[in-house]
Amino acid sequence: MEEEYSENRIIRYRSSILLGMFIIIASLLMVFLITILMTIHSDRKTGNRFASIENKAVRGKVISADGYTLSYSQKHYRAEVNARSIDPKKKDLFINLFSIYSGIPKKKIISKFVNKEGKSKRGRVILCNDIDVRLASDLKALGHKMSKMKIFRPLDKSKPHLVLGLDIVADSESRYFPYKDMLTPTLGYVQTKEIEGYKAPVAIKGLEKAYDSYLLPQENGLIKGRRDVLGTVIRTGESQSVHRSDGMNLHINIPINFQQSVENVLDKMKRQIAAEEILVTVMDSQTGQVLALASSERFDPERIRQKDVTALNPNFSEYLYEPGSVIKPLTLAIALDNNKVDLRKKIKLGGKHKVTDKYTITDDDYFAALNPRGIIIYSSNIGIAKIGWRLSGKELYDGLRNFGLAQKSGIDFSKELEGRIKAPYLLEDATYSGNTAYGYSMFTNLLQLVKAYSAFNNDGIAVTPRIVNRLSDNHNRVYDVNVEVPSLQACSANTAGEMHKILKDVVEIGTGTAAQYDGLEVGGKTGTAHVAYKGKYIEEYHSSFYGFVNDKFGHKYTIGVLAIKPKKVYFASQTAAPTFYKVVDKMVEFNYLIPDESLAKKHLKRRAKMRKQKRDAYIRKIRAYNKEHGLEEEIE
């Protein structure tokens with residue numbers, strides 16, 4: 001009995017011990033579970049149980065007609081680490097590895113961990129900035145390797161699962177122009193602006209500004225969902241994902257190889273004639289597509305210097321000037337449309353014509369009389385003024401507006417100065433209407449005149465010049481570009497046809513012979529205009545040539561050349577017209593135009609005949625002089 005009691009006593013004792021141990025284990029397990037749950041559901045000072053990862057979208061590209069990327073954006077990153085998260089025993093290993101991957105000397109990395117007072121930093125340390133995509137990817141991989149090597153330790157020993165490693169953070173976006181000054185100032189430029197700690201490009205001028213709303217990043221990529229204890233988004237059916245959508249790409253009509261060749265022409269001509277700037281536009285006469293938009297004044301958009309300031313504006317649309325004689329064909333076309341002139345009848349000239357006591361019109365060459373065709377060919381100020389006087393002020397004003405003057409050409413720049421012409425009531429005055437008829441007392445820009453002259457090569461329709469051909473998005477979907485300013489019915493098709501022939505004559509026998517190209521149909525008009533300064537005309541000039549060039553295969557182009565204040569020579573026949581010829585020569589080289597051999601032979605014969613006629617006329621003058629003075633010299 002006594003033995004049985006002792007045995008039961010032992011069993012109860014053992015049970016008590018086991019129960020106590022079970023209670024202790026259960027309590028510890030409960031504490032552990034509660035701790036885990038609290039950690040998982042704690043906000044870790046974020047105030048939220050959800051996390052998100054943002055993937056910054058970037059600005060779209062500008063792409064040439066021949067597929068070259070002219071400007072693009074790239075994200076830059078910074079590498080940072082919490083100094084306390086690095087295991088002191090493995091700090092040297094961290095520095096060695098980071099130095100190898102980043103290429104930064106170890107001494108420089110060590111210095112990052114020391115403040116100005118020489119004390120070790122205990123918080124966040126920025127190791128390097130301006131990291132490109134490739135290095136950022138390598139450093140991210142390095143961070144994963146370091147984590148596996150247990151180089152990092154938890155900041156809080158009570159939370160051993162929370163370990164901060166090497167962070168690679170996107171902090172800026174840079175804009176790159178790989179072809180440096182090519183196609184500037186047309187491309188434009190950007191400046192950097194910081195918004196909420198992120199530096200991004202902001203468009204200032206050119207295509208970058210004009211198409212800013214399309215080029216801007218559309219939507220940042222985003223992954224959002226519940227986070228784990230490390231703050232990483234858990235990919236589940238509840239997580240949300242938004243794909244990154246970069247800005248749209250601009251596809252322009254300008255091929256970069258041809259553009260570069262035209263820029264080379266302008267660089268050489270600028271040195272030859274010592275102009276402040278030379279501008280050229282090459283445009284398809286039927287579609288308005290711009291094939292070249294070149295200036296001799298260019299700059300590197302990534303490194304703008306003080307001396308580049310004057311080159312930043314696209315003067316194709318922002319430089320206004322009095323165009324001079326290139327307006328004469330427009331005046332004649334307006335008179336033809338209004339039935340105010342007969343091309344067969346001569347108009348009395350005489351070399352000088354006094355309008356008022358203060359206003360006398362003169363011609364460079366003396367002609368007793370010329371028909372309207374001859375007035376344009378030999379660029380008579382008196383003749384075109386007399387034609388202009390046959391128009392009412394309203395007819396002249398409306399006619400010039402029909403050609404697109406004193407209004408935007410529609411070129412896709414962010415800014416265009418419209419210029420001005422005198423009001424209709426002022427053009428009733430003989431002084432104002434006379435001046436306006438041959439291109440003074442008015443202001444226009446190069447692109448307006450290129451648009452106007454396209455009418456003479458396109459059945460009277462002045463087409464709107466366009467740089468951008470189309471847009472595309474991330475998924476290669478293509479979008480058309482809206483044309484805000486329409487093409488204009490500048491004059492009738494019959495008038496355009498007559499002017500087309502007259503402008504060909506200007507190039508064949510008039511002031512524009514330097515623009516003639518054998519085997520091609522070329523027409524145009526020279527203009528050499530005084531520059532006004534403080535209300536007075538000074539000995540500085542603008543030289544220009546506007547015209548067209550066609551081949552027998554249906555290729556039709558309008559070209560405008562403007563030389564601003566040339567110093568060595570200033571006549572348009574010696575500056576703008578030869579530049580026109582050299583641009584046409586490049587067009588032939590790039591197969592935009594194909595000369596006709598039979599037409600080239602005709603051009604050669606015509607020039608030989610003209611040389612003979614000029615020599616015969618010279619001989620007649622010498623013989624007449626000799627006869628008058630009793631001389632008997634024989635001319636060979």
Side-chain angles (χ1 to χ4, degrees), residues 270 273-279 296-297 309-311 313 315-328 330-331 349-366 375 378-389 393 396-397 400 405-406 417-446 448-449 511 525-546 560-577:
K270 183 189 175 184
I273 66 177
E276 286 188 5
E277 183 176 10
I278 305 178
L279 301 166
S296 62
E297 301 307 293
V309 172
T310 55
N313 294 332
N315 282 335
F316 314 100
S317 63
E318 295 187 32
Y319 187 84
L320 297 177
Y321 74 108
E322 289 181 287
S325 295
V326 293
I327 294 297
K328 291 173 182 175
L330 276 63
T331 302
L349 302 176
K352 286 186 178 182
H353 182 84
K354 186 176 181 180
V355 182
T356 67
D357 290 339
K358 295 182 178 180
Y359 177 40
T360 299
I361 304 175
T362 60
D363 283 338
D364 291 332
D365 297 311
Y366 177 88
I375 286 169
Y378 300 109
S379 201
S380 168
N381 294 333
I382 298 170
I384 203 66
K386 287 188 172 183
I387 291 173
W389 289 330
L396 181 56
Y397 177 86
L400 292 172
L405 302 191
L417 300 182
E418 295 181 358
R420 66 178 183 271
I421 51 181
K422 296 295 183 183
Y425 77 92
L426 290 174
L427 292 177
E428 296 293 343
D429 179 82
T431 300
Y432 287 135
S433 61
N435 274 334
T436 299
Y438 53 84
Y440 284 89
S441 297
M442 63 186 302
F443 288 90
T444 185
N445 66 47
L446 177 140
Q448 289 171 349
L449 286 170
T511 59
K525 183 69 183 75
T526 54
T528 305
H530 268 97
V531 173
Y533 180 71
K534 293 184 178 180
K536 293 183 179 180
Y537 289 107
I538 59 176
E539 289 303 310
E540 289 185 339
Y541 300 86
H542 289 121
S543 303
S544 58
F545 186 93
Y546 294 90
V561 179
L562 171 61
I564 298 175
K565 301 177 183 177
K567 301 292 190 297
K568 292 182 180 178
V569 288
Y570 60 82
F571 288 112
S573 58
Q574 298 172 294
T575 56

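Numbering starts at 1 and runs along the sequence shown.
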Kindly assign one of parallel, tilted or perpendicular to the pair Trp389 and His353, based on the angle between their ring planes and the thresholds 30° and 60°.
tilted
Please work out which of the three classes, parallel, tilted or perpendicular, describes the rings of Tyr537 and Tyr440, given edges at 30° and 60°.
perpendicular
Using modelled atom types only, decide if a donor and an acceptor are shared between the side chain of [X] and the backbone of [Y] within a distance under 3.5 Å.
X: Ser325; Y: Ser379; result: no
X: Thr360; Y: Lys354; result: no
X: Asn313; Y: Asn315; result: no
X: Thr528; Y: Ala572; result: yes
X: Glu540; Y: His530; result: no

What's the verdict on side chain to side chain contact (heavy atoms under 4.5 Å, CB included) for Val569 and Thr575, showing C-alpha distance, side-chain angles and the deciding distance?
CA-CA 7 Å; Val569 288; Thr575 56; 3.8 Å; yes
If you look at every heavy atom in [X] and [Y], which pair is closest and at what distance?
X: Leu446; Y: Gly560; result: CD1-O, 4.2 Å
X: Ser441; Y: Glu322; result: N-OE2, 2.9 Å
X: Asp363; Y: Ser380; result: OD2-OG, 2.8 Å
X: Lys352; Y: Ile382; result: N-CD1, 3.4 Å
X: Lys328; Y: Asn381; result: NZ-OD1, 2.7 Å
X: Ala385; Y: Ile361; result: CB-CD1, 3.6 Å

Any [X] side-chain heavy atom under 4.5 Å of [Y] side chain:
X: Ile375; Y: Ile387; value: yes
X: Leu427; Y: Thr436; value: yes
X: Ser317; Y: Leu417; value: no
X: Ser543; Y: Lys565; value: no
X: Phe545; Y: Lys525; value: no
X: Tyr321; Y: Leu562; value: yes
X: Pro323; Y: Leu449; value: yes
X: Tyr397; Y: Ile421; value: yes

State the [atom1]-[atom2] distance between [X] and [Y], to the nearest 0.5 angstrom.
X: Glu428; Y: Lys422; atom1: CD; atom2: NZ; result: 14.5 Å
X: Tyr378; Y: Asp365; atom1: OH; atom2: CG; result: 9.5 Å
X: Glu277; Y: Tyr319; atom1: CD; atom2: OH; result: 8.5 Å
X: Leu396; Y: Leu330; atom1: CG; atom2: CG; result: 10.0 Å
X: Leu405; Y: Arg420; atom1: CG; atom2: CZ; result: 13.5 Å

Check the pair Thr511 / Thr526 against side-chain hydrogen bond (donor to acceptor under 3.5 Å, both in side chains), numbers first and verdict last.
CA-CA 7 Å; Thr511 59; Thr526 54; 2.8 Å; yes
May I ask you to check whether over 12 heavy atoms, not counting those of Lys567, lie within 6.0 Å of atom NZ?
yes
Counting only heavy atoms not in Tyr432, do more than 12 sit closer than 6.0 Å to its OH atom?
no
For Thr444, the side chain to side chain donor-acceptor pair (under 3.5 Å) test, sequence neighbours excluded, returns Gln448
Decide yes or no on side-chain hydrogen bond (donor to acceptor under 3.5 Å, both in side chains) for Asn435 and Tyr359, but give the supporting numbers first.
CA-CA 10 Å; Asn435 274 334; Tyr359 177 40; 3.2 Å; yes
Please tell me whether Asn445 and Glu318 have a donor and an acceptor in their side chains that are separated by less than 3.5 angstrom.
no
Assess whether a salt bridge exists between Lys270 and Glu297, defined as any Lys/Arg side-chain N lying under 4.0 Å from an Asp/Glu carboxylate O.
yes
